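Single-structure report; data block below.
Everything numeric here is computed off the predicted structure, so don't read it as measured data. The chains referred to below are lettered A, B, ... by the order of the sequence lines, with proteins before strands, and numbering in each begins at 1.
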Protein chains: 2
Amino acid sequence: MKIGDLAKRTHTRVETIRFYEKEGLLPAPGRSGGNYRIYEQAHLNRLSFIRRSRDLGFTLDQVRKLMKLADDRDAPCAEVNAITAANIAEIDRKLADLGALRAELVRRLECCEGPTIADCRIIEALAPDTREGKQRPE
Amino acid sequence: MKIGDLAKRTHTRVETIRFYEKEGLLPAPGRSGGNYRIYEQAHLNRLSFIRRSRDLGFTLDQVRKLMKLADDRDAPCAEVNAITAANIAEIDRKLADLGALRAELVRRLECCEGPTIADCRIIEALAPDTREGKQRPE
DNA sequence: TATGCACCCTGAAGCCACTATAGGGTCAAG
DNA sequence: CTTGACCCTATAGTGGCTTCAGGGTGCATA
Ligand SMILES: [Zn+2]
Ligand SMILES: [Zn+2]
Ligand SMILES: [Zn+2]
Ligand SMILES: [Zn+2]
């Protein structure tokens, strides 16, 4: 299997596959006469694992850990659960942040009294006070 | 006002202020005898604007646009609204993605049948099929 | 045989928004 | 006169890729 085939089958860009190899996530495959990378099923399995993990929001470092754990079937899965729980917590933080952000943006969008910047509540909310004559514009 | 004072007043790191200057977001201030940057009120205003915008999730490029608009009080604020709306849409996308992600992670965490990797449903869900004998491990 | 075209190779740089590090200089207090 | 807090520049690093420059390979077609 050449790199392009592997790319198609895993919905990964060719460059990303080479990047994973350089990063030590995907073992370097054999080469053809023309120096093309030739992949086996095992590579496809590894790469699928990486992509599924990435899709679930794990970092490459976490993926490295998960793969090491996955390779040792006798290892306890407490560590896997810890990594997963950490990601859920991280997602919760992001959800809260984004929710608050969204609310504030919507509020500002609703308050725009336009039609020109002079009356725009969005800009007004962003800008610090410059209308009380306390300072001159530079 | 020296850079450290400005940093404190705007809750910005000193390095970030220098970075904004290099990026053309904050005009280069005058210098003291000892070559220290000396800031005026106008700089503080600008920097506040930048930080508030960043806190609301605008990119530096969007901040550039917003500042240009903010400087022209006769400009229509449709563009400001468009930038804001685009950010809300972007946030909505992220919220949906993160929500789905979270659900899937929780589902997997709940399904872990441990105590070892051999029975771990999280790893199982990540790994491609390797148990049907269709291929050998590399 | 030549030519085109899709695919492959390497190495380096670019993206975002900073952050960190190295290696110095300035200034006021003790 | 030394200490320590602050400041300066220039460069590299972060994550997770993407893009680019400058080639080589392999197969089909004119
Ligand atoms: Zn209102
Ligand atoms: Zn407006
Ligand atoms: Zn279950
Ligand atoms: Zn488990």
Side-chain angles (χ1 to χ4, degrees), chain A residues 1-26 28-39 43 46-47 49-67 83 86-87 90-91 94 97-98 101, chain B residues 1-26 28-39 43 46-67 83 86-87 90-91 93-94 97-98 101:
Chain A
M1 194 184 349
K2 279 188 289 176
I3 198 167
D5 304 326
L6 183 61
K8 254 171 225 149
R9 292 206 209 180
T10 55
H11 310 285
T12 309
R13 289 169 153 266
V14 165
E15 297 84 3
T16 306
I17 296 177
R18 287 196 283 248
F19 167 76
Y20 287 161
E21 180 181 326
K22 208 174 50 182
E23 291 293 297
L25 282 151
L26 199 59
R31 297 288 179 126
S32 74
N35 198 32
Y36 288 8
R37 287 171 179 83
I38 302 298
Y39 294 96
H43 293 99
R46 278 259 132 160
L47 183 51
F49 188 102
I50 297 170
R51 299 304 287 182
R52 291 197 212 189
S53 306
R54 292 285 304 129
D55 283 348
L56 284 171
F58 293 101
T59 67
L60 289 187
D61 257 9
Q62 290 176 326
V63 174
R64 257 181 272 266
K65 275 187 200 131
L66 288 176
M67 286 198 303
I83 292 174
N87 272 34
E90 176 68 20
I91 287 174
K94 286 183 188 165
D97 280 2
L98 285 175
L101 222 58
Chain B
M1 194 185 350
K2 279 188 288 176
I3 199 168
D5 305 324
L6 182 63
K8 254 171 224 149
R9 292 206 209 180
T10 55
H11 310 285
T12 308
R13 288 169 158 268
V14 166
E15 296 84 3
T16 306
I17 296 176
R18 287 196 282 248
F19 166 76
Y20 286 160
E21 180 181 326
K22 207 174 49 182
E23 291 294 296
L25 281 151
L26 200 58
R31 298 286 180 128
S32 75
N35 199 31
Y36 288 9
R37 287 172 179 83
I38 302 298
Y39 294 95
H43 294 99
R46 280 257 134 164
L47 184 52
S48 301
F49 188 102
I50 297 170
R51 300 303 286 181
R52 292 197 212 188
S53 306
R54 291 286 304 128
D55 282 349
L56 284 171
F58 294 101
T59 67
L60 289 187
D61 256 9
Q62 289 176 326
V63 174
R64 257 180 273 267
K65 275 190 201 128
L66 287 176
M67 287 198 302
I83 293 173
N87 274 34
E90 177 68 18
I91 287 173
R93 241 169 293 143
K94 286 182 187 164
D97 280 3
L98 285 175
L101 224 58

Problem set entry | Where protein sits on nucleotides 10-21 of chain D, one letter per nucleotide: B base, S sugar-phosphate only, - none, heavy atoms under 4.0 Å | ------BBSB--
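Chain B approaches DNA chain C within less than 4.0 angstrom (heavy atoms of the protein), and the contacting nucleotides run 5' to 3' from C:dA17 to C:dC27.
B:E90 has a carboxylate O that lies under 4.0 Å from a charged side-chain N of B:R93, or vice versa, which qualifies the two as a salt bridge. Using a 4.0 Å cut-off between a side-chain N of Lys or Arg and a carboxylate O of Asp or Glu, B:D61 and B:R64 qualify as a salt bridge.
Side-chain contact check for B:K2 versus B:R37: every heavy-atom pair is 4.5 Å or farther apart. Between B:L66 and B:F49 there is a side-chain heavy-atom pair separated by less than 4.5 Å. The side-chain heavy atoms of A:S53 and A:V63, taken from C-beta on, include a pair separated by under 4.5 Å. Two residues are said to be in side-chain contact when any heavy atoms from C-beta on lie closer than 4.5 Å; B:D97 and B:K94 fail this criterion.
Computed from C1' positions of five pairs at each end, the angle between the two local axes of the helix from C:dT1-D:dA30 to C:dG30-D:dC1 equals 30°, rounded to 10 degrees.
Scanning for side chain to side chain contact (heavy atoms under 4.5 Å, CB included) contacts around A:F19 gives A:E23, A:L60, with sequence neighbours left out. In this structure B:Y20 satisfies the ring-ring contact (aromatic ring centres under 6.0 Å, His included) test with no other residue, sequence neighbours excluded.
Map B:K2 and A:D5 each onto its nearest nucleotide of DNA chain C; the residue landing nearer the 5' end is A:D5.
Of the possible polar contacts, none joining the B:E21 side chain to the B:R18 backbone as a donor-acceptor pair under 3.5 Å is found.
The shortest heavy-atom contact between B:V14 and B:A7 is CG2-CB, 3.9 Å. Of all non-hydrogen atoms in B:R54 and B:F58, the two that sit nearest each other are NH1-O, 2.5 Å.
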I'd like a list of close polar pairs between nucleotides 22-25 of chain D and the protein, N/O only, cut-off under 3.5 Å.
| unit_1 | atom_1 | unit_2 | atom_2 | d |
| --- | --- | --- | --- | --- |
| D:dG24 | N2 | A:Y36 | OH | 2.8 |
| D:dT25 | O4' | A:Y36 | OH | 3.2 |
| D:dT25 | O2 | A:Y36 | OH | 3.2 |

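Side-chain polar atoms of B:R51 and B:T12 form a donor-acceptor pair below 3.5 angstrom.
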